[in-house]
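Here the structure is laid out as structure tokens; the discussion comes afterwards.
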Amino acid sequence: MRTAVLRLSAALDGLAPETVALVLTLGLVLGTFPVFGCPTVLCAVAALALRLNVPALQLVNQLMSR
């Protein structure tokens, strides 16, 4: 878990506070979608559509599934 937090911190480093809030919010909301595999696709589409950091959003998504 500690390595995941360190990776998330590194992925969010240098981003604007509004972008960090959006990444965390979308990751938390889309990460709770109850169909297997859909949160990953939804997060990728949202990150690309909103021009967000895809790895950071996917990491938050994966942390939600644990």
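Computed from a predicted model, the values in this text were never measured in an experiment.
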Members sharing V5's hydrophobic cluster, built from side-chain contacts under 4.5 Å between Ile, Leu, Val, Met, Phe, Trp and Tyr, are none
Kindly give the heavy-atom pair with the smallest separation between L59 and A4, and that separation in Å. CD2-O, 3.5 Å
Give me the atom names and distance for the closest heavy-atom approach of N53 to P55. OD1-CD, 2.8 Å
Search all heavy atoms of L12 against all heavy atoms of A56 and return the closest pair with its distance. CD2-CB, 3.8 Å
Can you give me every donor-acceptor pair (side chain of residues 16-42, partner residue at least two apart or in another chain, under 3.5 Å) with its distance?
residue : atom : partner : partner atom : Å
T25     : OG1  : A21     : O            : 2.7
T32     : OG1  : V29     : O            : 2.8

Under the 4.5 Å side-chain heavy-atom rule for ILVMFWY, direct or indirect, which residues accompany L48? V54
Between the CD atom in Q62 and the CG atom in L57, the distance rounded to the nearest 0.5 Å is 10.5 Å
